[in-house]
Amino acid sequence: MNTTTQILPGVKTIGWVRCSDLIPDIALRGIAGMSVPVLAEIVPVHFFNSPSCKCVTEKDNGNRTDSASLSFISDDLLPSDRELAFVVSAVNGEHFLIGAREAPFPVVKRTRSTGDSSSDPAGTLYEVTHKAIKSLVKCHITSY
């Protein structure tokens with residue numbers, strides 16, 4: 001089994017968008033090397049410290065699977081009543097999309113913490129994972 005890992009050079013901004021507002025077939029467009037447009041409203045997320053975003057690609061018997069992960073601490077409360085996709089902008093100006101209009105959707109794990117009085121920040125730790133044939137797809141956005 002071959003595995004490659006992509007790690008962004010640094011996260012500049014994070015935003016969320018409803019999966020239902022995205023264009024269809026994002027994974028297939030990503031496999032073709034196309035940059036997909038995000039035409040829906042992107043809601044910015046305020047975050048603390050250094051967020052982490054990476055994508056691991058596994059090839060097993062000719063099948064490809066991407067596993068993208070994004071983690072960040074925020075004081076924003078993200079909606080939990082709908083499927084969310086995430087737009088991540090790197091410091092080098094590139095934009096990436098985690099999620100698609102169709103299933104499988106990203107899984108958002110939320111851990112609320114009051115923090116430790118000595119060093120840990122209070123806030124919500126979000127851990128986003130998305131496993132699909134193509135995840136962390138390059139995208140272009142009209143506004144942020």
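These figures come from a predicted structure and were not determined experimentally.
- In this structure, the side chains of His95 and Val38 stay at 4.5 Å or more apart for every pair of heavy atoms.
- Contact annotation: the side chain of Leu84 approaches that of Pro79 to within less than 4.5 Å [non-hydrogen atoms, C-beta and beyond].
- Considering OG of Ser20 and CZ of Arg101, their distance stands at 7.5 Å, rounded to 0.5 Å.
- Leu136 has its side chain within reach of Cys53: a pair of non-hydrogen atoms, C-beta onward, lies under 4.5 Å apart.
- Considering CD of Glu58 and NZ of Lys131, their distance stands at 6.0 Å, rounded to 0.5 Å.
- Under the salt bridge (Lys or Arg N to Asp or Glu O under 4.0 Å) criterion, Arg64 pairs with Asp66, not counting sequence neighbours.
- Within the model, atoms OG of Ser74 and CZ of Phe48 stand 6.5 Å from one another, a figure rounded to the nearest 0.5 Å.
- Minimum interatomic distance between His130 and Pro104 (heavy atoms only, all atoms of both residues): NE2-O, 2.9 Å.
- Residues passing the side-chain hydrogen bond (donor to acceptor under 3.5 Å, both in side chains) test with Ser35, sequence neighbours excluded: His140.
- The shortest non-hydrogen separation linking Ser69 to Thr129 is CB-CG2, 4.3 Å.
- Scanning both residues, Pro106 and Ile98, for their nearest heavy atoms gives CG-O, 3.8 Å.
- Applying the salt bridge (Lys or Arg N to Asp or Glu O under 4.0 Å) test to Glu102 and every residue at least two apart in sequence or in another chain returns nothing.
- Asn49 and Ile73 get closest at one heavy-atom pair: ND2-CD1, 4.0 Å.
- If you chain together hydrophobic residues whose side chains sit under 4.5 Å apart, Leu70 and Leu77 fall into the same group.
- At a threshold of 4.5 Å between side-chain heavy atoms, the hydrophobic network of Ile, Leu, Val, Met, Phe, Trp and Tyr places Leu78 and Phe105 in two separate groups.
- Residues forming a side-chain hydrogen bond (donor to acceptor under 3.5 Å, both in side chains) with Thr124 (at least two apart in sequence, or on another chain): Arg112.
- Evaluation of the side-chain hydrogen bond (donor to acceptor under 3.5 Å, both in side chains) rule for Lys12 yields no partner, not counting sequence neighbours.
- Counting heavy atoms from C-beta outward, Pro37 and Ile23 have side chains that approach closer than 4.5 Å.
- When all heavy atoms are compared, the tightest approach of Pro51 to Ile14 is CB-CD1, 3.9 Å.
- Sorted by first and then second residue, the salt bridge (charged side-chain N to carboxylate O under 4.0 Å, His left out) pairs involving residues 79-90 (not counting sequence neighbours) form an empty list.
- Residue pairs meeting the ring-ring contact (aromatic ring centres under 6.0 Å, His included) criterion with at least one partner in residues 52-84, sequence neighbours excluded, are Phe72-Tyr126.
- The side chain to side chain contact (heavy atoms under 4.5 Å, CB included) test applied to Ser71 returns Ser52, Glu127, not counting sequence neighbours.
- Partners of Ala85 by side chain to side chain contact (heavy atoms under 4.5 Å, CB included), not counting sequence neighbours, listed by chain and number: Val17, Cys19, Leu22, Leu97.
- For residues 13-25, every residue pair satisfying the salt bridge (charged side-chain N to carboxylate O under 4.0 Å, His left out) rule, not counting sequence neighbours, is listed here: Arg18-Asp21.
- Scored by the side-chain hydrogen bond (donor to acceptor under 3.5 Å, both in side chains) test, Asp75 finds His46 as partners (sequence neighbours excluded).
- The structure places SG of Cys139 at 13.0 Å from CE of Met34, a figure rounded to the nearest 0.5 Å.
- Apart from Ile133 itself, the hydrophobic cluster it occupies contains Leu28, Ile31, where clustering links Ile, Leu, Val, Met, Phe, Trp and Tyr at side-chain heavy-atom distances under 4.5 Å.
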